[in-house]
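Notes follow once the structure below has been shown.
Counting starts at 1 for both ligands and their atoms, in listed order.
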Amino acid sequence: MKETFRLKTLHHQGENRCDLAFLSMAEAEKIRCYHATFPMYEPTPLVSLEDTARELGLGSIYVKDESRRFGLNAFKVLGGSYAIGHYLADKLGVPAESISSGMLTSPETKRLLGDITFITATDGNHGRGVAWTATQVGMRSVVYMPKGSAKERLNNIIAAGADASITEVNYDDTVRLARAHAEKNGWVLVQDTSWEGYEEIPRRIMQGYCTMGLEALEQMPEKPTHVFLQAGVGSMAGAVAGLLASAYGEERPKVIIVEPNKADCIFRTAEADDGTLRCVGGDMDTIMAGLACGEPCSLAWDILRYCADHFVSCPDYVAAKGMRILGNPAGKDQRIISGESGASAFGCAAEIMTNPQLAWMRDALELNEHVRVLFFSTEGDTDKANYRAIVWDGRYSAE
Ligand SMILES: Cc1ncc(COP(=O)(O)O)c(C=O)c1O
């Protein structure tokens with residue numbers, strides 16, 4: 001299939017038919033307080049790229065740099081750590097508001113709870129966050145990765161304390177494998193996507209991502225006009241889009257969802273817009289490993305349908321372009337190390353602004369020299385060999 005740009009626009013804003021209570025600003029505040037109890041917590045930087053914005057024909061560009069999150073090089077730990085914390089609070093019979101890292105890591109908590117094994121499937125970042133959190137609270141973790149996963153990402157998960165391995169199947173089948181092992185062994189599945197009958201933990205994971213969204217809204221000098229969000233299963237995008245809708249109501253910024261052509265399940269679901277989720281199968285061999293998911297998170301779609309405006313499916317080379325620009329921005333702008341999934345939405349916007357053949361998209365998204373655009377660089381160089389091949393050697397340049 002030839003890679004190309006596709007756009008679907010939905011007009012459901014104002015219909016207000018989704019439940020935003022779990023993504024309210026008040027909930028986000030509580031969750032941020034929980035994350036702030038971890039000694040390594042610090043808000044990640046929001047970087048203003050003024051010269052690059054001018055170069056690309058945008059008013060301003062802000063990039064939230066999640067490579068600084070908890071020393072784990074990606075935002076994902078926010079979800080797993082909150083879901084695990086909440087699960088343990090329930091087990092202890094205490095309100096979620098009262099939990100803290102100190103309480104979860106105490107020998108008394110371990111004595112009360114005994115041994116618990118957490119299991120998950122991941123393309124890297126989520127599994128590292130689950131493994132890290134399980135180790136912090138003195139529990140065991142088992143992590144499965146889809147075939148083709150980068151060795152470095154596997155090694156980082158093992159170093160975080162998990163019993164981790166790469167399977168012979170794609171991401172969605174790896175999720176089914178983890179689920180089967182959880183059921184067979186009585187382990188706790190901490191999956192960052194939901195399906196019928198499995199919603200509690202994915203909901204907590206989405207809530208965990210609100211810490212990132214809340215920080216960004218507080219750091220922004222003024223309200224963004226556009227927010228670009230990359231999607232795998234859509235949990236991160238759903239969480240941030242829901243938070244934006246909670247914060248600004250009808251006056252919220254335009255939300256643009258970005259996915260690779262090879263794994264554009266949210267785009268296809270938006271295109272159909274009939275209430276049924278659409279899936280992508282096969283290997284999904286996109287360079288955006290974190291976005292190589294073929295089945296949307298049902299909870300996230302319920303939010304995105306009403307809280308996102310545009311859905312873009314794009315070629316792989318835009319992620320590589322985004323990594324190169326963020327690593328070498330214009331003028332005096334600060335450089336950001338951003339990985340394939342982290343740079344995808346920024347790279348997509350940069351291509352839309354500079355490729356004359358995409359003027360129609362620029363117009364449709366109303367991107368011009370007056371707009372203020374917020375991006376989330378959701379990971380750093382989580383696959384260093386590929387980062388170098390792309391940034392130094394120009395791998396995956398546009399044909
Ligand atoms: C770096 C990065 N960005 C974005 C995403 C997308 O998140 P979600 O699967 O919730 O859509 C992922 C998912 O693993 C990721 O690792």
Kindly confirm or rule out an N or O of [X] lying under 3.5 angstrom from an N or O of ligand 1.
X      : answer
Gly234 : yes
Ser235 : yes
Gly232 : yes

In terms of the angle between their ring planes, are Phe311 and Trp301 parallel, tilted or perpendicular, with boundaries placed at 30° and 60°?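 Plane angle between 30° and 60°, so tilted.
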
Classify the ring geometry between Trp132 and Phe38 as parallel (under 30°), tilted (30 to 60°) or perpendicular (over 60°). tilted

Of all the atoms in ligand 1, which lie at a distance below 4.0 Å from a heavy atom belonging to [X]?
X      : result
Ser341 : 1 (C), 2 (C), 3 (N)
Leu291 : 4 (C), 5 (C), 6 (C)
Glu379 : 1 (C)
Ala231 : 11 (O)
Asp123 : 14 (O)

Nearest-contact summary for [atom] - protein heavy atom, Å:
atom                    : result
atom 13 (C) of ligand 1 : Gly290 O, 3.0 Å
atom 9 (O) of ligand 1  : Val233 N, 3.1 Å
atom 10 (O) of ligand 1 : Met236 N, 2.9 Å

Using the ring pair (Phe, Tyr, Trp, His ring centres under 6.0 Å) rule, take Phe376 and Phe75 through it: C-alpha gap first, then chi angles, then the decisive distance, then the call. CA-CA 9 Å; Phe376 291 84; Phe75 80 105; 8.7 Å; no

Qualifying residue for side-chain contact (heavy atoms from CB on, under 4.5 Å) with Arg69, from His35, Lys76, Met212: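 Single pass found, and it is Met212.
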
Residue among Thr109, Val137, Thr133 satisfying side-chain contact (heavy atoms from CB on, under 4.5 Å) with Leu88: Val137

Under a 4.0 Å N-O cut-off, is there an ion pair linking Glu215 with Arg32?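 Looking at Glu215 and Arg32, the cut-off is not met.
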
So, Glu97 and Lys30, do they make that salt bridge, N to O below 4.0 Å?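 Judged by the 4.0 Å cut-off on N to carboxylate O distance, Glu97 and Lys30 do form a salt bridge.
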
Counting C-beta onward and ignoring hydrogens, is there a side-chain heavy-atom pair between Ile257 and Val312 closer than 4.5 Å? no

Mind checking whether His126 has a heavy atom under 4.0 Å from ligand 1? no

Quick check on Phe376 - does any of its heavy atoms sit under 4.0 Å from an atom of ligand 1?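 False for this residue.
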
Run the salt bridge (Lys or Arg N to Asp or Glu O under 4.0 Å) test on Asp163 and Arg140 for me, step by step, so that the C-alpha distance in whole Å, both residues' side-chain angles and the decisive distance to 0.1 Å come before the verdict. CA-CA 8 Å; Asp163 176 356; Arg140 186 172 167 251; 3.5 Å; yes

Between Glu66 and ligand 1, find which residue part has any heavy-atom pair under 4.0 Å and reply side chain, backbone, both or neither.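 No part of Glu66 is near ligand 1 at this cut-off.
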
Decide whether a cation-pi geometry holds between Lys64 and Phe375; the criteria are a distance under 6.0 Å from NZ or CZ to the six-membered ring centre and an angle within 45° of the ring axis.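 No, a cation-pi geometry is absent between Lys64 and Phe375.
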
Nearest non-hydrogen atom to atom 4 (C) of ligand 1 belongs to which of Asn125, Thr378, Thr193?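 Going through Asn125, Thr378, Thr193 one by one, Thr378 has the nearest heavy atom to atom 4 (C) of ligand 1.
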
